[in-house]
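The structure appears below as structure tokens.
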There are 2 protein chains.
Amino acid sequence: MNKASLQAKFALIHEHWRPKVVAELNGQELKLVKFAGVFPWHQHEQADEVFLVWRGQMTIELRDRRVILQAGEFCVVPRGVEHRTMADAEVEVLVFEPAHTRNTGNIVDETFTAPNGVEV
Amino acid sequence: MNKASLQAKFALIHEHWRPKVVAELNGQELKLVKFAGVFPWHQHEQADEVFLVWRGQMTIELRDRRVILQAGEFCVVPRGVEHRTMADAEVEVLVFEPAHTRNTGNIVDETFTAPNGVEV
């Protein structure tokens with residue numbers, strides 16, 4: 001049971017689109033992820049997920065609209081809702097979702113599907 | 001499914017020690033709370049909880065030590081661990097824990113026990 005700093009943890013992340021687990025509780029994981037560019041369309045059948053932007057700006061694209069999140073803004077994507085994330089410039093994001101949720105949900109992508117449970 | 005701003009949500013909170021729900025997902029709640037002063041000792045038998053400081057500084061006191069959290073720092077208090085929170089000056093904190101977790105855990109306190117499920 002130790003404290004940690006978001007800034008320090010993000011500084012240890014040198015890959016895009018590879019979520020890193022910084023805390024596990026109640027069967028959920030708090031993950032940090034850095035990314036830029038466009039992620040594949042996908043959905044999580046059994047997992048709601050919340051995105052909270054720590055630094056930068058990201059977009060959550062849904063099939064019918066886009067949600068733009070600035071630093072300090074958050075949004076829940078409910079289970080079963082198809083979405084993709086994107087950012088013009090590198091963004092730092094907190095994700096909170098059930099442990100062992102695959103980042104690409106119902107698809108497997110050679111480039112984007114990340115290993116689960118990697119801590120930082 | 002709408003975005004929200006932490007700053008805007010915190011601006012709507014005018015009470016201390018009264019967590020407000022800003023998102024519910026996977027049976028968990030993301031809550032915001034403002035406080036200053038000292039909270040009663042308690043524990044949550046079935047709930048781990050994470051505290052993430054958004055603005056200010058807080059202390060989590062355990063029976064054998066204190067954890068001081070600055071803005072951008074977080075700490076998980078595992079279930080069953082007795083603790084109390086405190087702050088010299090008003091602090092803004094995100095809490096993530098199972099829905100319907102009583103803020104005072106195993107105790108009921110006339111002043112500090114807050115109603116559950118209040119949204120902001």
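Lettering of chains follows the sequences in order, A, B, ..., and the numbering in each one begins at 1.
Interface check for chain A: of the options L30(B), V81(B), V76(B), I60(B), the most heavy-atom pairs under 4.5 Å are formed by V76(B). Most heavy-atom pairs under 4.5 Å with chain A, from the set L25(B), L69(B), V50(B): that is L25(B). With chain B as partner, the option from L6(A), N26(A), V22(A) having the largest number of non-hydrogen pairs under 4.5 angstrom is N26(A). Taking A23(B), S5(B), A4(B), G72(B) one by one and counting their heavy-atom pairs under 4.5 Å with chain A, the maximum is reached by A4(B). Chain A forms the most heavy-atom pairs under 4.5 Å with one residue out of R79(B), Q28(B), Q7(B), K9(B), and that residue is Q28(B).
Neither the backbone nor the side chain of V53(B) comes within contact range of chain A, judged by heavy atoms closer than 4.5 Å. In this structure, chain B has a heavy atom under 4.5 Å from the backbone of E49(A), while its side chain stays farther away. Only the side chain of V67(B) comes within contact range of chain A, judged by heavy atoms closer than 4.5 Å. Looking at F51(B), neither its backbone nor its side chain comes within 4.5 Å of chain A, counting heavy atoms on both sides. The parts of V77(A) that come within reach of chain B are both its backbone and its side chain, each placing non-hydrogen atoms under 4.5 angstrom from that chain.
Between F39(A) and F112(A), the ring planes are perpendicular. Angles over 60° get that label, and only those under 30° would be called parallel. Aromatic ring pairs are classed by plane angle as parallel below 30°, tilted from 30° to 60° and perpendicular above 60°; the pair W54(B) and F10(B) is parallel.
Side chain of K34(A) to backbone of I13(A): a donor-acceptor contact under 3.5 angstrom is found. For the pair T113(B) (side chain) and E110(B) (backbone), a donor-acceptor distance under 3.5 Å is absent.
Here the closest non-hydrogen pair linking A114(A) and N103(A) is N-OD1, 2.9 Å.
Taking CD of E61(A) as the start and CD of E82(A) as the end, the distance is 10.0 Å to the nearest 0.5 Å.
Test E97(B), E24(B), E119(B) against K31(B) for salt bridge (charged side-chain N to carboxylate O under 4.0 Å, His left out) and you get one pass: E97(B).
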